Every structure is written in structure tokens, then in C-alpha cells.
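Please read the structure below before turning to the comments.
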Amino acid sequence: MKIQNNIHLTYCTNIHPGEEWSKVFSNLQQYIPELKAKIAPRKPFGIGLRLAAIAAKELLQGDTLTEFKSWLVEHNLYVFTLNGFPYGGFHQQVVKDQVYAPDWSKQERLDYTLQLTNILAQLLPAEMEGSISTLPLSYKPWFKGNQNSQTSVINTATLHIAEVVAEMVRIHANTGKLLHLNLEPEPDGLIENAAEVIDYFQKHLLPIGGAYLGQQLEIPQKAAEALLLEHVRVCYDTCHFAIAFENPVSVFKQFQAVGIQIGKIQISAALQVDVPKDAEQRRKIKEKLLLFAESTYLHQVVTSNSNQYSDLEAALPDLENTTASQWRIHFHVPIFIRDYQLLQSTQDDITTILELVQNHQVCNHLEIETYTWDVLPGEMKLDLSASIQREYEWVLNKMLAGALLG
């Protein structure tokens, strides 16, 4: 839904299980009209659409996309952002590091993202930007001890990203629709944090991608680099950057200083632990955290003294002896709750981000992304529709408090 200053708010449909288009569309039919009736009954309502590769392929077959567009018009809905991070299965199976496969060095990732680009170009309303979020190139632990392999993957990934940009440039020239691809850093991604974003743009994307794009479009490299900065941006997931203990104000200033844009903000909260000195309290916290050490998704852990673990299960044995004052865990928890008895969330970072959006227009695509409802501990599981509605209302109330709503 559009709010003041041309900002659009949605939630990401990766919340709902289903990889085939029939299942995706069934979920949209089940949840979206009801949610719109409660949140924005008289306004157009935006959708943050997650499409697996199989759904993207199916949507482009026959009259399927035309029929979907008709359904959107019928219900006063629109699509302005796609989640292109998970390529395949994302629910009710072990995902873990396979969420990065195929990575950006693979032809399958390029083909899939070009399909998403085609779909979004057709769905996006006129006079509106379109965003596609994607993985931060690859998964860093896959290349541990093999720097040459990592460099090769980065270089190939960069050429593939430049190919997507070339297609986005053509679409912009032919239709006037501006699309951008948004790299989404997270712990253990090949791009993890603000410093690595800047390093990638300056050492790889602009020089290597710029040379390649310039050849493809037959334009000077400087012009190609400008196009890369326009069409490749950052998806700022508030959970991921909070886990890395990054200050949002500082990150936004760093990006702005080197011309990197934030194309999409995913509103999500990480699990946080303020580690007590008392041994018994630590034991109780460990018992609570065991409920979050589930087998579907990666739950990376970063500590306040810069230790990092690939998953919560690997970190838990160290909790009772840690010297860190705080742990942050990659587990998306409901954004409307800050305190969970002995545990907390990084909700405060979301509040800071919304203030930055309000005061500085840092980004106009906001997407609520709590995809973990199925794997939350039983005591935290609530009705899904009611939970999504509460997350919208929490964000809108925060914005209303900042006089952001139109």
C-alpha cells in the first residue's frame, strides 16, 4: 500500500509454503483480499511476491500471467517487489545453506532472475519502481581455504549480474519502467555487511561489471558504471544488519557517500540475548534458545565481541562460558514483540530505520518479512492472518507516530 512520500509497504509472501504457481496463487487468494479488507479497504494494496524458479517458469506459460494481472485489477492489488533469494524449496524441508543454491555463478540463477525481471516488468504499474531482492552472491563457508575459487565465483557472478542490468536497461528504454536488483547481505553470505558491500561495488561490480556492460550496450565504461549504480542496489534486511551489530545511521551514510542506493528494506527482527553473569540464568536462557535451534533454516549467531557461528546449534555449547555481553541470532521473530521473557529482539533497529525512512527518504520499498511462523516455538505461534495483520499495524502505528502516513 502506498503511504506518504511515495513509499510502498507490503509483506513478503515467502511466509506461505508453496513452490508451484498453483500453490502460490492459492495462498494469495486465501490471504490477500481478507488482509486488504482489514488494512486498506479503499486503497490499492501492494504485494511482495516470492516466486520459486518453478513458479516463475509456470507464470510465464500460456495465459497465466495475463490471468493473474486480471485478478490483481479485480481486487485492486499491485505487485512492486519480488523476493528472488530462495530459488527452490523454502518450507517444510531442510533448507539451511541450500537457500544459496544455485548461487550467482550459476547459469540457473541468471536465467531465473531474468524470468523474474520479465515478470515484474509486466506486473509493475506505470510510474513506479520495481525491486527484486537476491542473495549476496554466494555462501562464504563453501569457499573456506580456497580464495581462488571464491574470487572466480565473484567474477562470474558479477558478469551475470551485469547481464541482468543490461536487460533492465532495455526494459527501462522500452517501457519507462525502472527495475533494480537488490543484493541482500547476511552473516556468512559472500557479502555480509556494509564494508563488504562497498568493497564488492568498488572492486568488482563497477570495474568488472562496468567493462562488461559497456561492451554489451556499446557505451563508455563510466556510463555503464552509472547504470550499474542505478540498477544494482542493496536490500537492507533489518534483521541481518542488526545481527552484524551495524548501526543503521552509519550504514546509510557509508552507502550514500559512495553512491550505493538502498532499493528495498525488509522489516524483520532478530532474536537477541542479553547475556547475564549468573550461571543459572545462562542455563535457563540456553533452554529457551534450544526451542529456536530448529532444522529448517540457517540461524547464524554473532556476538558482541565479534565471534560468529554458522548456526545456533553450533553456538549453544559456548553460551554458558561466553565472555560476550550480547548474542544476536538470525531467527526472524514477530516484529511487534520486543521482549520474550528471558530473550529479546532487535526491534529497536526497526524503529530507527523507520525514522530514517521518514526523515531522509532513504528508500521507498518496505517489505515485512517474518517467514518463520511455521518454525516458531509453540508458545509464540499465533493465527497466521492475525499475526500478519498485527505486523502491518505495528509498522503503520510507528509511522503514524512519526507523522509519516498520508
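Small disclaimer: the values here were computed from a predicted structure and weren't measured.
For the residue pair Gln272/Gln347, the side-chain donor-acceptor check at 3.5 Å is not satisfied. No hydrogens or angles considered: nothing links the side chains of Asp339 and Gln344 as a donor-acceptor pair under 3.5 Å. If you check the side chains of Thr238 and Asp349, you find no donor sitting under 3.5 Å from an acceptor. In summary, the side chains of Glu294 and Thr296 do present a donor paired with an acceptor at a separation below 3.5 Å, with no hydrogens or angles considered. No hydrogens or angles considered: a donor-acceptor pair under 3.5 Å links the side chains of Gln107 and Asp111. Glu74 and Ser70 share no side-chain donor-acceptor pair at under 3.5 Å. For Asn146 and Gln150, the side-chain atoms include no donor-acceptor pair closer than 3.5 Å.
One finds no salt bridge joining Glu20 and Lys57 here, because no Lys/Arg side-chain nitrogen approaches an Asp/Glu carboxylate oxygen to under 4.0 Å. With respect to Arg233 and Glu129, a salt bridge is recorded, a charged nitrogen being found less than 4.0 Å from a carboxylate O. Using a cutoff of 4.0 Å between basic side-chain nitrogens and carboxylate oxygens, Lys288 and Glu379 are scored as salt-bridged.
Residues Pro187 and Gln308 come closest through the heavy atom pair CB-NE2, 3.8 Å. When all heavy atoms of Ser304 and Ser325 are compared, the pair lying nearest together is OG-N, 3.0 Å. Taking every heavy atom of both residues into account, Met380 and Val333 meet most closely at CE-CG1, 4.3 Å. Between Glu391 and Ile368, the closest heavy-atom pair is OE1-CG2, 3.3 Å.
With a 4.5 Å cut-off on side-chain heavy atoms, Thr134 and Asn182 do not count as touching. Looking only at side-chain heavy atoms (C-beta outward), Leu271 and His299 stay at 4.5 Å or farther from each other. Asp188 is listed as a side-chain neighbour of Tyr139, based on a closest heavy-atom distance under 4.5 Å. By the 4.5 Å heavy-atom criterion applied to side chains, Val164 and Trp104 are counted as neighbours. Looking at heavy atoms from C-beta onward, Thr158 lies in side-chain contact with Tyr200 at the 4.5 angstrom threshold. The shortest side-chain heavy-atom distance between Arg390 and Pro334 does not fall under the 4.5 Å cut-off. Counting heavy atoms from C-beta on, the side chains of Met399 and Leu366 come closer than 4.5 Å. You'll find the side chain of Pro86 reaches within 4.5 Å of the side chain of Val99, heavy atoms only.
Relative to the six-membered ring of Phe245, Arg328 meets both conditions, a distance below 6.0 Å and an angle of at most 45° to the axis.
We find the OG-CG distance between Ser138 and Asp103 to be 3.5 Å, quoted to the nearest 0.5 Å. Summarising the geometry, atom CD belonging to Glu67 is positioned 10.0 Å from atom CG belonging to Leu59; distances are rounded to the nearest 0.5 Å. Leu35 CG to Met1 CE: the interatomic distance, rounded to the nearest 0.5 Å, is 10.0 Å.
A ring pair (Phe, Tyr, Trp, His ring centres under 6.0 Å) with Phe85 is found for one member of Tyr112, Tyr100, Tyr371 and no other, namely Tyr100. Partner Tyr297 forms a side-chain hydrogen bond (donor to acceptor under 3.5 Å, both in side chains) with one of Lys96, His332, His91, His330 and no other, that one being His91.
Residue pairs meeting the side chain to side chain donor-acceptor pair (under 3.5 Å) criterion with at least one partner in residues 25-36, sequence neighbours excluded, are Glu34-Lys38. Residue pairs that meet the ring pair (Phe, Tyr, Trp, His ring centres under 6.0 Å) test with at least one member in residues 145-193, sequence neighbours left out, are His180-His365.
Judged as a side chain to side chain contact (heavy atoms under 4.5 Å, CB included), and not counting sequence neighbours, Gln215 has no contacts.
Between Tyr11 and His16, the ring center distance clears the sub-6.0 Å criterion. In summary, the aromatic rings of Phe292 and Tyr340 are positioned with their centroids too far apart to meet the 6.0 Å limit.
Within a 6.0 Å sphere centred on CD of Gln61, other residues, nucleotides and ligands contribute more than 12 heavy atoms.
In this structure, the side chain of Glu367 does not engage the main chain of Thr81 through any donor-acceptor pair within 3.5 Å.
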